[in-house]
Amino acid sequence: CTGTITPTATPTFDPNNVEGCPEEYDDGTEYEEGDKVSVTAAGEDYGKIYQCKAWPEGDHCGNEAYSPLNTEKLCNDQVCWPIAWTYIKGCTGTITPTATPTFDPADVGGCPDEFEEGTDYEEGDKMSIISDGEDYGKIYKCKGWPYTDHCKTEAFSPLNTAKACSGEVCWPVAWTYEGGCTGTITPTAAPQFIALSQWVKEGCPPEYVPNNSAYKPEDYVSVPKNDDNTYGVVWQCKNAMTAPWCQNEGYAPGTAHGGQAWEKVGYCAGTISPTDAPTTLAMNTDATKKVCQFKYKLETTDGGEYVILQAESWEKGGGTIATGGKALELYKPGHLVRNGRVARKCNNYPYYFYCDAWSPFVSDDSSVYNPSLSRQGWADATCENVASKLDVGGTGSEDEFSGSTKGPVFASNGNVLVDASGTCQIGESTAAASSAINPGDYFKLSPAVKGCQKCNAGLGLGSTATPKVCTACLAGTTGEIVDSKSQCVCDNGATDPWDAAGNHCQACPAGGRYLGKVVNDGTGVCEDACPTAHPVYTSKTSGQGTFKLCCKAAGCTSDGGIADCFDGTGNAKTFCTAAGATAHPTTTPSMQPSGVPSDVPSEVPSMQPSDVPSEQPSDVPSEVPSMQPSDVPS
């Protein structure tokens, strides 16, 4: 790179291409993906519209640091708002309210039943609203889960004109406008399944039998739409709490109260096929397995980073899985859980609050499964086809992530970072231990060392041969934490701690000169530059080895021999002169004790007794008798 980075520009817009302004940005508001806000500077006629990004960036939208109003450059010397928000365009005034639906009276059909508050509407149900004095009505269709439950509430009725949802009427959240209507709906000659999807299995399940005491949770039945039950609507008994109602004719599927016991699944055609024996993950011998994964944001750096975690079984209160340190807190939007090959994903705000309290699986008992709240908290999800990274015996069970196994943890490319035992791996496709000792730091907020990046004393990452394995530091280097991971650092300030042994720690900083043995034994030093009186940087060989020196002439030919100009140990930075060895002081302490007493008194007390009597009287009385008479009478 060159120069300085171009700062993020303040958004500009064409005043001729603006729209009404949504509500002003409010710090601390729980904004969701797609929410729009406006920011209007004091004294300005126009505002700017910003839209909250998708998770995980969207989680910052309510944070003051990421507010479009914040001009501090806190994110890599840039303002932070572009991380969480997308600039849309300019605006003026207020946003245009949601218009009342209109239609062409020449293109209408019959009206379905009129809207009735409290009716247990289901996905795809249609109703009509006809205003007093009007000849035509409007048709609305109930949206799919998780919005279905709102269809029966007054707040989301198309009759409610209160602007209670972000300054807008609420009905578009639960209902879709379909068009105009007049009169009553024309009956159809044959069943229509426009609002339903086809049942995933072939054929139809057994026909519903009233007052059947054998019905249990998750049982499927069909309500036939023709005489031989070759097409119909499929229903499933919800859970253990509703099983007694499934056995009661008063809660028969398709009746007024049937929705309390049975859940509509889809439509079917043909007769039912035999049920296949279930194949669990652990029974699958194929190396490619259905493995549920999700991306978890780690607060290990200012910008955050991600690892891929395996989905686990649902646990009330949210699973707290960790390999040490701060626990991983579940469940957040986007997190997955699984039950065998069935996966569910935690929904976004405000529904993710239900993820901790309610299981998404109907097989769980009524204390943790609620037909309404479970479905509001959890959405259907599909597991990814990925190859097992820790395959042992072809069972796939070792790919499960649980509190007892503490693993595995994957990088975003699928490589293993922590194996099933909680041991740090090098991150390659074939698992191998890295010898790092801190897998739990993956789950700490802003740790001093990143997960699986800390080595034992005297070891560091980054070696030429095995850069991801903790390796013993070479002579003259020390293991230190640099940039949140263990690294070996040259004691003399050079920048090449991992060159081949003997060649390492000789790349001194710009303008510097390496002085010491050509084959570095760890005693070589870096001098800022050769002095003016000894400008030649050269090599010289003696009985003690070959050294790199600063000499008066090439080859140190006028300096009285190598033995006189370098002590051969590297403990002192010396330069040759014609008269012999003359010490040249260094600007960097050698960190080695000197064998020669200094003429300069120390500013720090040695805390050792002196063999030389002091010529100055002391104000501190001695604890040992002097054995001399005193001139001061007692």
Side-chain angles (χ1 to χ4, degrees), residues 98-162 164-165 168-199 204 208 221-227 229 231-236 238 250-269 371-372 375-376:
T98 302
T100 302
T102 61
F103 57 87
D104 181 3
D107 183 23
V108 297
C111 293
D113 291 340
E114 286 204 47
F115 174 79
E116 183 177 350
E117 181 189 335
T119 299
D120 195 4
Y121 290 107
E122 297 181 319
E123 178 182 352
D125 284 349
K126 294 183 180 181
M127 59 80 181
S128 63
I129 292 179
I130 304 174
S131 302
D132 292 339
E134 294 288 338
D135 295 327
Y136 295 92
K138 299 181 178 72
I139 303 174
Y140 300 85
K141 183 170 74 172
C142 183
K143 290 184 177 180
W145 179 82
Y147 309 106
T148 311
D149 285 346
H150 296 310
C151 292
K152 62 185 176 184
T153 62
E154 181 183 6
F156 294 86
S157 162
L159 295 170
N160 191 339
T161 58
C165 295
E168 292 293 306
V169 291
C170 296
W171 70 260
V173 174
W175 296 92
T176 301
Y177 172 68
E178 293 284 292
C181 65
T182 184
T184 57
I185 198 165
T186 304
T188 54
Q192 300 293 312
F193 301 104
I194 297 173
L196 294 177
S197 58
Q198 187 168 3
W199 191 37
C204 290
Y208 169 77
V221 299
S222 63
V223 176
K225 294 299 181 182
N226 63 346
D227 292 339
N229 191 22
Y231 61 87
V233 178
V234 180
W235 299 79
Q236 184 182 38
K238 288 184 174 180
Y251 296 89
T255 64
H257 301 292
Q260 298 180 44
W262 298 88
E263 184 170 4
K264 187 186 293 184
V265 175
Y267 74 90
C268 64
S372 175
R375 293 202 66 179
Q376 289 190 51

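In this chain, residues are counted from 1 in sequence order. Being a predicted model, the structure only gives us computed values, none of them experimental.
Between S128 and D113, every side-chain heavy-atom pair lies at or beyond the 4.5 Å cut-off. Residues T119 and K152 fail the side-chain proximity criterion, which asks for heavy atoms closer than 4.5 Å. Looking at Q260 and Y251, their side chains come closer than 4.5 Å, going by heavy atoms from C-beta outward. You'll find the side chain of P112 reaches within 4.5 Å of the side chain of I139, heavy atoms only. Put simply, the side chain of I130 reaches to within 4.5 Å of the side chain of E114, judged on heavy atoms.
Between W175 and the options H150, K126, M127, K143, a side chain to side chain contact (heavy atoms under 4.5 Å, CB included) holds for only M127.
Minimum interatomic distance between Y140 and I129 (heavy atoms only, all atoms of both residues): CE1-CD1, 4.1 Å. Counting all heavy atoms, side chain and backbone alike, V169 lies closest to P172 at O-CD, 3.5 Å. Nearest heavy atoms, P253 versus V223: CG-CG2, 3.8 Å. Shortest non-hydrogen contact noted between C142 and Y121 is SG-CB, 4.3 Å. Closest heavy-atom contact between T148 and E123: CG2-N, 3.5 Å.
Here E117 contributes atom CD and E154 contributes atom CD; the two are 4.5 Å apart, rounded to the nearest 0.5 Å. The OH atom of Y267 sits 14.5 Å away from the OG atom of S222 when rounded to the nearest 0.5 Å.
Between K264 and E122 there is a salt bridge, since at least one side-chain N of the basic residue sits less than 4.0 Å from a carboxylate O of the acidic one.
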Inset, instruction - For F156 and W171, run side-chain contact (heavy atoms from CB on, under 4.5 Å): C-alpha distance rounded to whole Å, both residues' side-chain angles, the deciding distance at 0.1 Å, then the answer. - result: CA-CA 4 Å; F156 294 86; W171 70 260; 5.5 Å; no

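One N or O on the side chain of S157 and one on the backbone of L159 form a donor-acceptor pair closer than 3.5 Å.
At most 12 heavy atoms of other shown residues, nucleotides or ligands fall within 6.0 angstrom of atom CD in E116.
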